[in-house]
Amino acid sequence: AQSVTQLGSHVSVSEGALVLLRCNYSSSVPPYLFWYVQYPNQGLQLLLKYTSAATLVKGINGFEAEFKKSETSFHLTKPSAHMRDAAEYFCAVSVNKFYFGSGTKLNVKP
Amino acid sequence: DTEVTQTPKHLVMGMTNKKSLKCEQHMGHRAMYWYKQKAKKPPELMFVYSYEKLSINESVPSRFSPECPNSSLLNLHLHALQPEDSALYLCASSQTTSGGFNTGELFFGEGSRLTVL
């Protein structure tokens, strides 16, 4: 069975600080992995995706994620948070079907 | 700018009304999806269409009726809804594999915010 676990439903950082959002997956086959961002009252926007090429994936808005098979993780990072990064972030795995994590709300303090 | 367009953005309806949500994409994708999203929750899959045929129905009540008139359009017909059906309804599309399932990313619309009184 496939599943996605996002540790921490809420993460709060100061502007300029490192952002780290955690995602662990379970999959019986090599997965495709994604991070989406959702701003209030909007749809989901793709930040980045892992499709078995490079393990370090760079996305939009300065975000990146590293696929670690040994840890079954795909954590999302950004070196310096901006106020505009405040949003809900969803990790997802696709193995024939999309499975979303429960989401992490990122708050950025001035 | 999203390449998946949903209308209307907001809809308020009574429990006896009949209304429809519409979704359109022009990316040549052959898979289209309806998701329901409640506040502070991830999207929940409702229906999947692959090559204009319904391939997945996640045990959705019959008061929700999907329709795929062609490869670019997806409708969700609503009838006799309940207040608990109030949610953000998201349409998405993707390319399909030969098996009919998605391994690439989903492209989402902005959603239709539905309120059932």
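Quantities reported herein were computed from a predicted structural model and do not represent experimental measurements. Chain A is the first sequence line, chain B the second, and so forth, proteins listed ahead of strands; every chain is numbered from 1.
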Exercise. Is it the side chain or the backbone of B/Glu44 that comes within 4.5 Å of chain A heavy atoms, both, or neither?
Worked result: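 Neither; nothing under 4.5 Å.
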Problem set entry | Contact residues of residues 8-16 of chain B (partner chain A; heavy-atom separation under 4.5 angstrom) |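 When heavy atoms of chain A are the reference, residues 8-16 of chain B contributes no residue within the under-4.5 Å range.
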Exercise. Taking only heavy atoms into account, what residues of residues 70-81 of chain B are found under 4.5 Å from chain A?
Worked result: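 The list, in residue order, is empty: none.
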Quick check on the hydrophobic clustering: are [X] and [Y] connected, directly or via other members, by side-chain heavy-atom contacts under 4.5 Å?
X: A/Leu20; Y: A/Val57; value: no
X: A/Met83; Y: A/Phe63; value: yes
X: A/Tyr39; Y: A/Trp35; value: yes
X: A/Leu21; Y: A/Ile60; value: yes
X: A/Leu7; Y: A/Phe74; value: no

Heavy-atom cut-off 4.5 Å, strictly under: side chain, backbone, both or neither for [X] against chain B?
X: A/Gln38; value: side chain
X: A/Leu44; value: both
X: A/Glu88; value: neither

Problem set entry | Side chains of B/Leu45 and A/Phe98 in contact at under 4.5 Å (non-hydrogen atoms) |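 Contact flag for B/Leu45/A/Phe98 side chains = no.
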Exercise. With a 4.5 Å limit on heavy-atom distance, are the side chains of A/Tyr36 and B/Phe108 in contact?
Worked result: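 The answer is yes; the side chains approach within 4.5 Å.
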Problem set entry | Heavy-atom pair with the smallest gap, counting every atom of B/Pro42 and A/Ser102 |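 Heavy atoms of B/Pro42 and A/Ser102 come nearest at CD-O, 3.9 Å.
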Problem set entry | Atom pair CZ/NZ of A/Phe90 and B/Lys41 - distance to nearest 0.5 Å |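 Separation between the atoms: 10.5 Å.
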Exercise. How many angstroms lie between CG in B/Leu88 and CG in A/Asn41, if you round to the nearest 0.5 Å?
Worked result: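 Going from CG on B/Leu88 over to CG on A/Asn41, the span is 7.5 Å.
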Exercise. Which residue pairs satisfy the side chain to side chain donor-acceptor pair (under 3.5 Å) criterion with at least one member in residues 62-71 of chain A, sequence neighbours excluded?
Worked result: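 Found A/Lys58-A/Glu64.
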Problem set entry | Within residues 101-110 of chain A or reaching into it, pairs that qualify as salt bridge (charged side-chain N to carboxylate O under 4.0 Å, His left out) - sequence neighbours excluded |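 Non-adjacent pairs meeting salt bridge (charged side-chain N to carboxylate O under 4.0 Å, His left out): zero.
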